[in-house]
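Just so it is clear, the model here is predicted, and its values are computed rather than measured. All heavy atoms count here, side chains included; hydrogens, waters and symmetry mates do not.
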Amino acid sequence: MQIQPLIDLLAAIRERDENSLIRIARGVSNSDDRASFAALMRQCIFYSDGSPLFYRRIRNIWDGAGMPALKSVSVSKTVQILSDCTVDALVPQLELFLAAYGVSASIELGEFDSVEFEAHAGKHREIDLTLVVLSERWLHKMVAAFPASQQDLDAAKTALTALAKALASRRSGIMAFTTFYSGAWPQVASSAHVDGKVSMSRIVAEMNATLSTLVSEGIYCIDTQQALHLAGGAKAAGAVSAIRMRAPFEDAGFVALAREIASAVAHQFGRGHRALLTDWDNTIWGRRGR
């Protein structure tokens with residue numbers, strides 16, 4: 001394995017120099033040292049301060065090298081993404097981040113706005129991971145008026161539970177839902193508190209709480225709100241993209257969500273990162289508090 005490119009890469013990460021990171025990764029991609037290429041690619045993929053363009057360039061380098069496995073032991077998994085909106089931009093990023101964990105993903109994108117059809121009329125599918133991305137557009141369809149009534153919220157929670165369970169019954173593998181989030185364009189009066197009415201922030205919280213109760217049914221949650229927060233908040237949610245192509249996120253949001261999904265899913269596939277915790281100076285356990 002080549003040591004100098006790794007040293008140069010770590011220096012570029014410290015300086016937050018994206019162009020140097022791309023140059024180093026591209027240089028190693030042209031060599032026959034696959035181990036060095038894989039190690040440097042993983043470092044670039046897990047670099048958390050990159051722009052959306054940076055990860056596109058890293059993806060292009062990986063594509064140009066033939067999309068090799070980035071871990072010495074990889075597992076192949078099938079993934080289906082279902083959504084009520086346009087999430088095509090999620091696919092290349094998710095493939096990239098999963099590869100860094102040693103998961104070779106064959107990703108299938110469902111038809112536009114086909115979640116309900118797949119849940120209630122679709123065929124049973126043998127798929128390792130079914131990922132469901134429901135946008136704020138779906139939430140607004142379930143709860144049309146703001147502030148909403150408690151009855152409307154309860155009906156939306158019931159519909160979400162029924163949808164999730166119906167879809168899980170038609171899939172053999174892991175089922176994961178992205179959580180709801182505060183979008184880039186808040187509804188008029190969405191934060192108002194009126195007697196007998198429910199604000200949008202409470203609706204989001206209670207819908208996410210409903211999703212969390214489904215873990216016992218084998219349905220997992222991906223924290224969209226946290227991912228968007230780390231990517232810039234409302235700027236990462238679908239502002240211009242929602243108008244242009246009904247996409248729920250901007251480029252930065254898709255990158256952040258792909259990172260969050262890969263981290264959660266890799267753990268479920270047994271490919272999460274392992275760490276060795278040591279206490280050489282006996283300060284963690286033996287001399288705690290001193």
Distance check, rounded to the nearest 0.5 Å: [X] atom [atom1] versus [Y] atom [atom2]?
{"X": "K197", "Y": "I203", "atom1": "NZ", "atom2": "CD1", "answer": "10.5 Å"}
{"X": "L9", "Y": "Y47", "atom1": "CG", "atom2": "OH", "answer": "10.0 Å"}
{"X": "Q80", "Y": "R125", "atom1": "CD", "atom2": "CZ", "answer": "5.0 Å"}

Restricting to non-hydrogen atoms, name the atom on [X] and the atom on [Y] that form the minimum distance, rounded to 0.1 Å.
{"X": "E260", "Y": "D223", "value": "CG-O, 3.8 Å"}
{"X": "P68", "Y": "R34", "value": "CG-NH1, 4.1 Å"}
{"X": "L94", "Y": "A262", "value": "CD1-N, 4.1 Å"}
{"X": "A159", "Y": "M142", "value": "CB-SD, 4.1 Å"}
{"X": "L134", "Y": "F180", "value": "CB-CE2, 3.9 Å"}
{"X": "A99", "Y": "L70", "value": "O-CB, 3.5 Å"}

- Query: So which of I81, L90, V133 actually passes side-chain contact (heavy atoms from CB on, under 4.5 Å) with I261?
  - Reply: L90

- Query: So, E206 and K157, do they make that salt bridge, N to O below 4.0 Å?
  - Reply: yes

- Message: Less than 4.0 angstrom from a charged side-chain N to a carboxylate O is my criterion; do R56 and D251 meet it?
- Response: yes

Please check this pair: side chain of [X] against backbone of [Y], looking for a donor-acceptor N/O pair closer than 3.5 Å.
{"X": "T86", "Y": "M245", "answer": "yes"}
{"X": "T130", "Y": "M175", "answer": "no"}
{"X": "D33", "Y": "V28", "answer": "no"}
{"X": "D128", "Y": "T78", "answer": "yes"}
{"X": "T178", "Y": "I222", "answer": "no"}
{"X": "E250", "Y": "A239", "answer": "yes"}
{"X": "R16", "Y": "D49", "answer": "no"}

- Query: Given V87 and F254, is the side-chain contact (heavy atoms from CB on, under 4.5 Å) satisfied, shown in steps?
  - Reply: CA-CA 8 Å; V87 292; F254 278 116; 4.3 Å; yes

- Cation-aromatic face contact R57/F54, 6.0 Å, 45 degrees: no

- Task: Give the C-alpha distance, both sets of side-chain angles, the deciding distance and a yes or no for side-chain hydrogen bond (donor to acceptor under 3.5 Å, both in side chains) between E18 and S51.
- Result: CA-CA 8 Å; E18 291 186 6; S51 65; 3.1 Å; yes

- After noting the C-alpha distance and the side-chain angles of W138 and S83, does the key distance pass the side-chain contact (heavy atoms from CB on, under 4.5 Å) rule? CA-CA 9 Å; W138 186 90; S83 181; over 6 Å; no

Would you say [X] has more than 12 foreign heavy atoms packed within less than 6.0 Å of its [atom1]?
{"X": "K165", "atom1": "NZ", "result": "no"}
{"X": "R59", "atom1": "CZ", "result": "yes"}
{"X": "H267", "atom1": "NE2", "result": "no"}
{"X": "Q4", "atom1": "CD", "result": "yes"}
{"X": "K141", "atom1": "NZ", "result": "yes"}

- Task: Please work out which of the three classes, parallel, tilted or perpendicular, describes the rings of F97 and Y55, given edges at 30° and 60°.
- Result: tilted

Which donor-acceptor pairs under 3.5 Å do side chains of residues 144-154 form with protein atoms, sequence neighbours excluded?
from, atom 1, to, atom 2, distance (Å)
S149, OG, D152, N, 3.1
S149, OG, D152, OD2, 3.2
Q150, OE1, R202, NH2, 3.0
Q150, NE2, D154, OD1, 2.9

- Query: Would you say I61 and I45 are hydrophobically clustered, going by side-chain heavy atoms of ILVMFWY under 4.5 Å?
  - Reply: yes

